[in-house]
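A quick write-up on the structure given underneath.
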Amino acid sequence: MASTREIRRRIRSVKNTAQITKAMQMVAASKMRRAQLRALEGRPYHKLLEEIAQSLVPQAGQLRHPLLNPRPVRRRAVLVIATDKGLCGSLNTNLFRELFRRHGNDRVYVSVGRKARSFLASLPNSTGATLLAADFELRDNLTFRESKRISRFLLDKFSSGEIDAIEIAHSHFVNALVQTTEIRPLIPLAPESLSQGQPAAAAPEVPDNFEPSPEELLDALLPFFVDWNIYQAILDSLASEHSARMIAMKNATENAKQLVGDLTLEYNRARQEGITREILEIATAQIALE
C-alpha cells in the first residue's frame with residue numbers, strides 16, 4: 001500500500017484537476033449556449049433556401065447549370081470541419097474514423113480546424129500527391145463573409161475542372177447530449193439532394209411569368225446556397241464541439257470527485273494501519289522489557 005504522504009499528494013493533484021475541469025465545463029457551457037443559438041437560428045433560413053431551389057429547378061427546364069449536372073468523377077474534394085482543440089470526447093474520433101473508412105486515392109481534402117489538419121496530414125497516400133489542398137482557420141465568432149472564402153475556393157476548383165465533386169464532413173448538432181457524424185455530397189446539387197436526403201417538400205406554386213427568369217435566379221441562388229450550406233455546417237460543428245466538451249468536462253469532474261473519495265478511503269485505511277502497527281510495536285517493546 002502507498003504511504004500516507006504519497007496518497008495525500010495524489011488527493012491534492014486530483015482536486016486541482018477537478019477544479020480545472022470544472023472551470024472548463026463552465027466555459028464550454030457558456031460557449032455552447034451561444035453556438036447552439038447560432039446553429040438553430042440558421043436552420044429555418046437554410047430550409048427556406050432549399051424550398052426555393054427545389055421550386056426553381058423544375059421551372060428552369062433543361063438548364064445546363066454546372067452546379068446541377070454531375071460529370072465523371074476523377075477527383076473528389078472533401079471539406080472536413082473538425083475542432084481547433086481537443087478535450088471534447090469522441091467527437092473528432094467518430095468523424096475521423098468514418099473519413100478513414102472512405103479514404104481513397106481519388107480524394108483531396110480541405111480542412112477547417114487544427115484537428116482536421118493534423119488528421120489529414122497522417123492519412124496514407126500511395127500516389128505521392130498532396131492530399132491537403134487547403135487549410136482554413138476555425139474561430140468561434142466566424143462570420144458568414146469569412147466562411148465564403150472556403151466556398152469560393154471550392155467553387156473555383158470545381159469550375160476550373162480540378163475537382164469533379166465535393167463532399168462535406170462535419171459533426172451535426174442534434175442536442176447538447178447527441179452529436180452525429182455527417183458526410184454528404186455538396187456539389188453537384190442534385191434536386192433530390194437539396195433536402196439532404198429528406199423527402200422533398202411540396203414545391204410552392206410559381207407563376208409562369210416573373211422576373212428575373214428561373215435561370216438567372218439559379219445562377220445567383222445556387223452559389224449562395226453552397227455558401228450558406230458550408231456556413232451552417234460550421235455553426236453545427238461549433239455547437240457540437242462545445243456541447244461535447246461540456247459533457248466531457250462534466251464527466252471528468254465527476255470522475256475526479258469519485259477518485260478523491262476512493263483515495264480518501266485508502267488514506268484512512270493506510271493511516272489506521274500505521275496507528276495499529278505503532279501500537280503493536282509499543283506493546284511488543286513493553287513485553288520485551290518486562
Side-chain angles (χ1 to χ4, degrees), residues 1-36 80-101 111-124 137-140 171 173-181 237-290:
M1 182 178 293
S3 65
T4 55
R5 179 178 297 178
E6 180 182 349
I7 296 175
R8 284 200 304 269
R9 184 165 55 250
R10 291 178 61 190
I11 290 175
R12 284 196 300 270
S13 176
V14 174
K15 284 183 177 179
N16 291 337
T17 302
Q19 291 177 349
I20 295 172
T21 55
K22 180 66 175 179
M24 294 180 67
Q25 175 190 341
M26 300 303 293
V27 171
S30 175
K31 291 183 176 181
M32 181 203 71
R33 284 189 286 268
R34 294 195 297 268
Q36 177 181 346
V80 182
I81 307 172
T83 67
D84 245 8
K85 302 176 182 178
L87 299 177
C88 51
S90 60
L91 188 71
N92 289 324
T93 303
N94 294 336
L95 176 63
F96 296 159
R97 183 186 298 116
E98 185 63 23
L99 284 170
F100 185 81
R101 189 180 68 84
S111 65
V112 180
R114 284 196 291 265
K115 293 298 181 179
R117 181 180 61 217
S118 299
F119 167 75
L120 296 175
S122 66
L123 282 176
E137 181 185 7
L138 179 65
R139 295 185 292 104
D140 287 334
S171 298
F173 176 78
V174 180
N175 54 53
L177 298 177
V178 180
Q179 302 86 38
T180 60
T181 294
S237 295
L238 289 171
S240 299
E241 173 187 354
H242 296 309
S243 300
R245 183 171 292 115
M246 183 194 69
I247 298 301
M249 293 300 100
K250 181 177 182 293
N251 292 336
T253 302
E254 292 176 352
N255 291 338
K257 291 180 179 178
Q258 182 178 355
L259 183 57
V260 168
D262 294 341
L263 288 173
T264 301
L265 181 60
E266 183 180 352
Y267 170 78
N268 291 334
R269 287 175 178 171
R271 185 168 176 269
Q272 184 178 10
E273 288 183 4
I275 294 173
T276 303
R277 185 170 56 253
E278 290 177 1
I279 293 174
L280 288 175
E281 289 174 355
I282 293 173
T284 303
Q286 287 178 347
I287 293 173
L289 289 175
E290 293 176 355

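V14 and A256 make their closest contact through CG1-O, 3.4 Å (heavy atoms, listed as atom of the first residue, atom of the second, distance). Between N175 and L177 the shortest heavy-atom distance is OD1-N, 2.8 Å. Considering all non-hydrogen atoms of both residues, H242 and A35 come closest at CD2-CB, 3.9 Å. When all heavy atoms of S111 and A116 are compared, the pair lying nearest together is CB-CB, 3.9 Å. Nearest approach of N92 to A82, heavy atoms of both residues: OD1-CB, 3.6 Å. K115 approaches G86 most closely through the heavy-atom pair CE-N, 3.5 Å.
The backbone N or O of M249 sits less than 3.5 Å from a side-chain atom of T253, completing a donor-acceptor pair. S30 contributes no side-chain N or O that, together with a main-chain N or O of V27, makes up a donor-acceptor pair within less than 3.5 Å.
By the 4.5 Å heavy-atom criterion applied to side chains, I7 and I11 are counted as neighbours. The closest side-chain heavy-atom distance from R245 to K85 is below 4.5 Å.
Between the OG1 atom of T276 and the CZ atom of R271 there is a distance of 11.0 Å, given to the nearest 0.5 Å. Between the OG atom in S122 and the CZ atom in F100 there is a gap of 8.5 Å [rounded to 0.5 Å]. Annotation: the span from E241 atom CD to L87 atom CG amounts to 10.5 Å, rounded to 0.5 Å. We find the CZ-OG1 distance between R10 and T17 to be 11.5 Å, quoted to the nearest 0.5 Å. Note: E266 CD to T4 OG1 = 11.0 Å, rounded to the nearest 0.5 Å. For the atom pair CZ (R9) and OG (S3), the distance works out to 7.0 Å, reported to the nearest 0.5 Å.
A salt bridge is defined here as a Lys NZ or Arg NE, NH1 or NH2 lying under 4.0 Å from an Asp or Glu carboxylate O, and K250 with E254 meets this definition. Looking at R101 and E98, a side-chain N of the basic residue comes within less than 4.0 Å of a carboxylate O on the acidic one, giving a salt bridge.
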What's the verdict on side chain to side chain contact (heavy atoms under 4.5 Å, CB included) for L99 and F119, showing C-alpha distance, side-chain angles and the deciding distance? CA-CA 10 Å; L99 284 170; F119 167 75; 4.1 Å; yes
Audit row: N251, I247, side chain to side chain contact (heavy atoms under 4.5 Å, CB included) steps and yes/no: CA-CA 6 Å; N251 292 336; I247 298 301; 3.7 Å; yes
Would D140 and R34 satisfy side chain to side chain contact (heavy atoms under 4.5 Å, CB included), going step by step from the backbone distance to the final call? CA-CA 9 Å; D140 287 334; R34 294 195 297 268; over 6 Å; no
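For the side-chain contact (heavy atoms from CB on, under 4.5 Å) with S240, the lone residue among T83, L95, I81, L91 that qualifies is L91.
There is no side-chain donor-acceptor pair under 3.5 Å between T181 and N94.
Annotation for R139: atom CZ counts as buried by contact number, over 12 foreign heavy atoms lying within 6.0 Å.
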